[in-house]
Amino acid sequence: MAVSKKVLVNLYTRTLKVRLFEEKVWDLFGQNLVPGTLHLYLGQEAVAAGVTAALDKSDWIQSTHRGHGHVIAKGADMNAALAELLGKATGSCKGKGGSMHITQFDVGVLGATGVVASGIPIGVGAALSCKMRGTKEVVACFFGDGASNNGTFGESLNMAAIWSLPVVFVVENNLYAMGTPIKMMCPSIDIAERATGYCIPSIVVDGNNALEVYEAAVEAVKRAREGGGPTLIECKTYRQRGHSRFDAAKYRPPEEVEFWLNRDSVEKIKKIVIEKGALTEKDAEKIRTKLQKEVDKAGEFAVNSEYPKPKDALDDVFAEVL
Amino acid sequence: MAVSKKVLVNLYTRTLKVRLFEEKVWDLFGQNLVPGTLHLYLGQEAVAAGVTAALDKSDWIQSTHRGHGHVIAKGADMNAALAELLGKATGSCKGKGGSMHITQFDVGVLGATGVVASGIPIGVGAALSCKMRGTKEVVACFFGDGASNNGTFGESLNMAAIWSLPVVFVVENNLYAMGTPIKMMCPSIDIAERATGYCIPSIVVDGNNALEVYEAAVEAVKRAREGGGPTLIECKTYRQRGHSRFDAAKYRPPEEVEFWLNRDSVEKIKKIVIEKGALTEKDAEKIRTKLQKEVDKAGEFAVNSEYPKPKDALDDVFAEVL
Amino acid sequence: MAKKTYRDALKEGLREEMLRDERVFLMGEDIGLNWGGAFKVTKGLAEEFGEERVRDTPISENTIAGAALGAAITGLIPVAEIMFGDLITLAMDQICNQAAKMRYMFGGQTSVPVVYRSVFGGGKNIASHHSQSLEAWFMHTPGLKIAVPAFAYDVKGLIKTAIRDPDPVMFFEHKLVYDKKEEVPDEEYLIPFGEARIRREGDDVTVWGTFQMLHKSLEVAEELAKEGISVEVIDPRTLMPLDKKTLIESVKKTGRLVLVTEETKTGATTSEIAAIVQEEAFDWLDAPIKRVNAPDTPVPFSPPLEQFFIPSGERIAEAVRSVV
Amino acid sequence: MAKKTYRDALKEGLREEMLRDERVFLMGEDIGLNWGGAFKVTKGLAEEFGEERVRDTPISENTIAGAALGAAITGLIPVAEIMFGDLITLAMDQICNQAAKMRYMFGGQTSVPVVYRSVFGGGKNIASHHSQSLEAWFMHTPGLKIAVPAFAYDVKGLIKTAIRDPDPVMFFEHKLVYDKKEEVPDEEYLIPFGEARIRREGDDVTVWGTFQMLHKSLEVAEELAKEGISVEVIDPRTLMPLDKKTLIESVKKTGRLVLVTEETKTGATTSEIAAIVQEEAFDWLDAPIKRVNAPDTPVPFSPPLEQFFIPSGERIAEAVRSVV
Ligand SMILES: Cc1ncc(C[n+]2csc(CCOP(=O)(O)OP(=O)(O)O)c2C)c(N)n1
Ligand SMILES: Cc1ncc(C[n+]2csc(CCOP(=O)(O)OP(=O)(O)O)c2C)c(N)n1
Ligand SMILES: [Mg+2]
Ligand SMILES: [Mg+2]
């Protein structure tokens with residue numbers, strides 16, 4: 001696939017933006033400003049970047065409990081995203097959702113959900129709607145390796161297949177579900193093999209390589225948009241930190257961690273775009289500086305925002321207060 | 001596979017027994033003696049016969065809403081089975097279960113269930129128990145084509161595969177789930193293809209041919225018993241009647257119905273055993289007469305049995321009345 | 001105006017809304033061409049609106065519920081059917097964790113105009129997996145509205161309101177009322193949520209009940225009138241929002257309350273009603289609030305057992321007599 | 001005797017039963033070697049008993065519940081963990097339709113010695129999908145026993161009883177009590193189901209509550225004593241069977257009842273308790289039964305919102321004051 005320089009820059013920018021956002025989150029967390037738990041996207045940036053770069057603004061994504069990267073890559077307002085993580089009234093969910101429900105509907109995020117695999121049916125339903133409404137919109141539905149063992153996975157793949165829905169299933173196989181290695185819980189090497197049983201084309205890619213992810217996504221999105229139905233993309237990737245807030249992830253062999261840290265997604269895409277002449281090292285640095293400023297500003301915004309009033313807890317149950 | 005005459009006779013007898021039992025049920029139903037609804041096994045006898053003939057007494061089966069055939073083939077007491085269908089106190093479930101829950105635990109029936117696909121996890125759990133208790137017991141888990149679209153199907157196949165459990169999944173693909181053709185609801189021709197994604201060996205057989213089912217089951221049971229893990233057997237078969245009590249099944253093309261009526265499971269196994277010299281036409285008739293007598297006696301027993309007392313409704317919620 | 005069955009009135013409501021707004025569509029198992037719904041509610045609609053808008057689904061309850069939700073938040077108005085109320089057990093996550101909470105969790109970003117239809121109740125001898133009454137679970141799930149129509153007139157007006165509601169609505173029916181007939185106007189009408197209906201006025205005892213038990217209570221009230229007991233019968237029509245006002249006023253008038261549903265007793269909707277009324281009308285109550293429910297057992301199959309399980313008119317009458 | 005945390009006491013109970021009876025085994029997500037359970041309850045047990053008997057599972061809640069059931073009816077005694085109570089939504093069919101009803105549907109043919117452990121409650125700012133209190137759903141499911149231990153002593157004695165029970169037991173814990181300490185004897189003991197415990201004696205008002213709210217109620221009682229209000233605090237310990245007797249006797253003594261749980265109000269376990277007490281102690285009640293619960297909303301994330309959601313000591317105190 002011939003990829004334009006513009007796209008390459010885009011991929012680098014998206015990957016890096018997600019990285020810087022997550023680093024900011026980690027920083028704020030270190031300052032005890034992030035309540036609750038936290039599932040960082042650090043390490044998996046290339047997946048969100050590559051997939052969302054293949055989508056239009058009017059397309060949709062369905063996110064997970066590890067959703068910060070998805071929403072940022074899809075173009076979410078960083079102020080509102082960070083404020084949400086801090087539980088502020090200015091957050092995109094007015095502080096009601098937090099990390100596990102970080103959602104910005106207006107940029108096409110259907111939702112982030114705390115129940116593993118529960119987003120898959122929702123993504124499929126959105127794709128049904130894209131089709132029934134006669135649009136060309138496409139849904140990218142993210143979920144983890146662990147999620148692929150939940151019942152809705154099979155149900156949803158089947159429904160998408162029989163109705164030929166415009167959905168791209170993106171399995172982020174980061175090798176673990178909490179402390180559980182996927183190889184203990186999945187008999188095949190690739191989760192992608194399960195797609196075959198539903199006659200869904202699938203592809204396994206290096207999930208730390210935003211370009212590779214992007215190329216697979218472009219093809220899948222094209223198929224979906226043209227009425228060719230669903231595709232499953234399995235992205236092999238890795239969490240750079242533990243599963244959640246306090247997990248030191250000691251259950252992972254040091255060699256494995258090292259192997260993956262050496263395949264850092266930001267480094268990788270940076271190397272590619274520079275090699276392909278889309279950016280110089282200096283350009284890349286400029287972009288980083290600009291993004292870092294944005295992120296820092298968002299951090300300030302979030303920190304300086306007010307908490308919601310206690311009684312706001314009673315709003316938003318229904319369209320009108322009953 | 002070399003199959004002994006004894007086995008052939010056994011297959012014929014089992015197939016026929018299930019048939020005669022179901023005909024008796026249909027007859028009693030015509031007399032308005034069977035309350036509630038009814039999912040007849042007529043047409044699918046060869047599946048239950050072939051699978052259970054490959055099992056030992058101490059092995060288990062997990063049944064479905066279309067369960068009469070399974071429990072009879074596994075060796076259930078016909079008196080108690082028929083009485084259950086009529087809601088009598090002498091029924092195996094004391095009249096509490098009826099057609100959808102017809103169960104005889106003492107002959108190795110784990111249960112019949114009204115919730116489609118809900119038996120699959122239970123069968124898998126029983127197989128886990130067979131293994132953990134250090135036995136050589138095996139579980140055959142029956143379910144329909146429609147059930148394979150329910151979430152527990154994938155969850156259960158996966159769990160059986162990763163733990164290499166002694167379970168045989170038997171998909172009775174009778175081409176319909178109620179009025180819905182499986183070809184509308186499953187993108188592949190064979191449901192068996194889904195097993196591959198879980199690294200489970202599978203085979204597709206003529207579900208109206210008890211011998212073919214048996215041979216596949218013997219291999220699968222052997223694998224399970226020897227620690228080789230699960231197998232999926234897809235049996236292509238057909239309901240000779242509608243889905244339930246009042247369904248005339250007008251949605252099925254007449255040619256299709258005719259095609260399958262011409263492949264009647266009883267006729268088929270009878271022809272085979274006679275051709276293979278295991279029985280003469282006369283022997284076969286004798287067996288039929290004997291079975292018919294048993295079935296008739298069971299019918300009388302059921303009809304003449306008493307209904308439970310209304311207050312019996314309060315028993316059996318817990319081991320002790322609280 | 002003509003007498004119509006509950007089934008037909010419901011179908012008419014669905015049909016009118018589908019004609020009015022093309023975003024409305026139906027999905028569920030066997031609701032389409034070949035079957036028309038397990039209880040024939042949607043029969044004929046696939047022929048009229050096509051298989052896209054009257055959409056048969058695989059046997060995938062959780063994904064039916066979730067897909068309906070995904071469609072609802074992106075511009076459609078799905079009416080998803082779960083064939084039997086007992087099977088909602090499989091869809092609890094999508095209904096109770098996702099649909100019910102979505103507007104809230106996302107701070108009001110999404111509207112969730114989805115309707116989940118299903119059917120409860122015994123009386124058909126189809127045993128423990130096809131006869132339950134589980135509405136209480138949903139009453140305990142903030143974010144869901146709940147309709148419990150028992151009459152043909154109401155089922156039509158309420159389904160139309162449900163479809164136009166921007167929030168998820170659990171629309172519960174009952175197997176034994178599908179054939180009940182009532183006058184249903186030809187001109188369009190809607191019934192607002194949260195307005196109970198006094199189905200019979202009376203002075204001595206208030207009876208509040210749902211579905212088939214409401215019909216039985218009305219019969220019982222007729223009988224008891226002959227004994228000189230004047231019974232007021234209240235039909236909540238929706239459980240969420242709940243019309244407390246009508247009920248409390250009635251209790252303040254009669255001083256006595258009997259609650260009647262087919263649910264198993266412990267933790268039923270009647271427990272909530274009792275808790276509310278004793279709290280809000282304590283000083284007006286002349287006798288303890290009585291609950292008439294099914295016993296705390298699964299639903300048995302055999303006719304004499306099931307008849308024992310389902311509250312009888314006699315049990316209702318006794319409860320009423322015991323408080324006057 | 002030594003002070004032990006609720007977490008450790010629970011682990012000790014599990015361990016003792018695993019040592020006593022080799023049919024007992026644990027299964028659930030991340031309960032084994034690498035994690036030891038999301039709340040570390042099973043930490044160390046996989047090391048001691050091996051990965052077969054402390055079995056990590058895939059993220060397949062309904063099949064975890066169903067597989068445990070299949071194992072239970074064929075000779076084992078599984079303790080299956082659903083990592084968060086909110087996720088039981090995915091296992092409702094296997095728990096409520098299968099495990100709960102199996103003995104009954106099959107006319108007593110099968111014993112179902114399975115324990116389902118899970119954890120409820122907020123207070124950790126983990127929002128709508130990880131903070132709910134759903135015990136009321138199970139109280140409305142005939143065939144299930146339900147334990148709701150709030151103290152270290154009880155959690156140990158009750159888990160042992162649960163494991164030895166021939167029926168399915170829902171064993172519910174609460175996130176905020178894992179670290180609470182109490183004296184726990186070294187010698188073996190069991191606590192029978194269906195016996196409430198009076199945690200504090202008093203004469204003016206009875207308070208009945210569960211989990212963290214029980215702890216708060218005890219604190220409040222201490223405070224109110226200073227105001228001259230004598231509060232009796234009752235801990236049900238199990239919801240099914242429910243010890244009505246202890247509660248009713250207390251109410252007959254005090255004439256006043258306040259019910260306190262962290263559940264959302266409508267349809268909560270407190271509704272059932274209110275319904276029972278008004279029925280059985282009507283003539284002894286000097287004031288309406290008050291319920292203190294969370295509001296009818298999903299659980300919000302942000303600390304000030306969640307603090308508003310969870311009933312505060314002040315709200316409990318006000319409710320008590322309002323009835324004396
Ligand atoms: C249905 C469900 N089961 C269990 C959990 C607890 N849990 C939260 S994240 C997680 C692991 C998910 O693994 P995976 O799908 O691979 O996503 P990852 O965390 O690796 O991104 C688990 C078990 C949950 N939230 N939902
Ligand atoms: C989970 C669930 N969904 C729906 C139903 C209603 N229902 C009963 S049988 C049936 C069809 C089942 O089809 P299949 O699994 O192919 O079995 P068959 O009836 O053909 O033997 C349906 C939809 C049910 N009982 N359970
Ligand atoms: Mg993972
Ligand atoms: Mg079928």
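Every chain is numbered from 1 and lettered A, B, ... according to where its sequence line falls, protein lines coming before strand lines.
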With a 4.5 angstrom heavy-atom cut-off, is it the side chain or the backbone of F193(C) that approaches chain A, or both, or neither?
neither
Segment of K101(C) engaging chain A (4.5 angstrom heavy-atom cut-off):
neither
Chain A interface, residue from P58(C), P168(C), G70(C), A65(C) that has the most non-hydrogen pairs under 4.5 Å
G70(C)
Would you mind checking which part of A313(A) comes under 4.5 Å of any heavy atom in chain C, side chain (CB onward), backbone (N, CA, C, O), both or neither?
both
Contact part of E22(C) toward chain A, heavy-atom cut-off under 4.5 Å: side chain, backbone, both or neither?
neither
Please evaluate residues T269(C) and E263(C) with respect to the criterion side-chain hydrogen bond (donor to acceptor under 3.5 Å, both in side chains), reporting the C-alpha separation (whole Å), side-chain torsions for both, the decisive distance (0.1 Å), and the verdict.
CA-CA 8 Å; T269(C) 63; E263(C) 303 162 278; 2.7 Å; yes
Do T113(A) and S118(A) have side-chain N/O donor and acceptor atoms under 3.5 Å apart?
yes
Where on L110(A) is there a heavy atom nearer than 4.5 Å to chain C: the side chain, the backbone, both, or neither?
both
Which one, Q62(A), Q104(A), E84(A), K131(A), leads in non-hydrogen pairs under 4.5 Å with chain C?
Q104(A)
Can you find a heavy atom in the side chain of L14(C) that is under 4.5 Å from one in the side chain of V41(C)?
yes
Can a side-chain donor-acceptor contact be found between T231(A) and R223(A) if the only test is distance below 3.5 angstrom?
yes
With respect to chain A, which residue among R53(C), R23(C), M240(C), Q94(C) yields the maximal number of heavy-atom pairs within a distance under 4.5 Å?
Q94(C)
Candidate pair H39(A) and R245(A), rule side-chain hydrogen bond (donor to acceptor under 3.5 Å, both in side chains), full reasoning
CA-CA 7 Å; H39(A) 305 106; R245(A) 192 153 185 154; over 6 Å; no
Most contacts with chain C, counted as non-hydrogen pairs under 4.5 angstrom, among I120(A), N158(A), L322(A), V115(A)
V115(A)
Among the listed options G97(A), G91(A), S92(A), the residue most often paired with chain C at heavy-atom distances under 4.5 Å:
S92(A)
Highest number of heavy-atom pairs under 4.5 Å with chain A among L76(C), I64(C), N62(C), T57(C) belongs to L76(C)
Decide side-chain hydrogen bond (donor to acceptor under 3.5 Å, both in side chains) for T52(A) and H70(A); before the verdict, give the C-alpha distance in whole Å, the side-chain angles of both, and the deciding distance to 0.1 Å.
CA-CA 8 Å; T52(A) 57; H70(A) 307 143; over 6 Å; no
Using the side-chain contact (heavy atoms from CB on, under 4.5 Å) rule, take F143(A) and V116(A) through it: C-alpha gap first, then chi angles, then the decisive distance, then the call.
CA-CA 8 Å; F143(A) 52 92; V116(A) 168; over 6 Å; no
Using non-hydrogen atoms and a 4.5 Å limit, figure out which bit of I162(A) sits close to chain C: side chain, backbone, both or neither.
side chain
Highest number of heavy-atom pairs under 4.5 Å with chain A: which of L69(C), L144(C), L90(C), N97(C)?
L144(C)
Tell me, out of K94(A), M132(A), E320(A), who's got the most heavy-atom pairs with chain C below 4.5 Å.
M132(A)
Polar contact flag, side-chain donor to acceptor under 3.5 angstrom, T246(C)-D243(C):
yes
Under 4.5 Å from a heavy atom of chain A, the part of S111(C) involved:
neither
Would you mind reporting whether R117(C) and T42(C) have side-chain heavy atoms less than 4.5 Å apart?
yes
Do V139(A) and F169(A) make a side-chain contact, defined as non-hydrogen atoms from C-beta onward lying under 4.5 Å apart?
no
Most heavy-atom pairs under 4.5 angstrom with chain A, which of A99(C), A72(C), G107(C)?
G107(C)
Do K96(A)'s NZ or CZ and the ring of F106(C) fall within the cation-pi criteria of under 6.0 Å and 45°?
no
Tell me, side chain or backbone of Q98(C) under 4.5 Å from chain A's heavy atoms, or both, or neither?
side chain
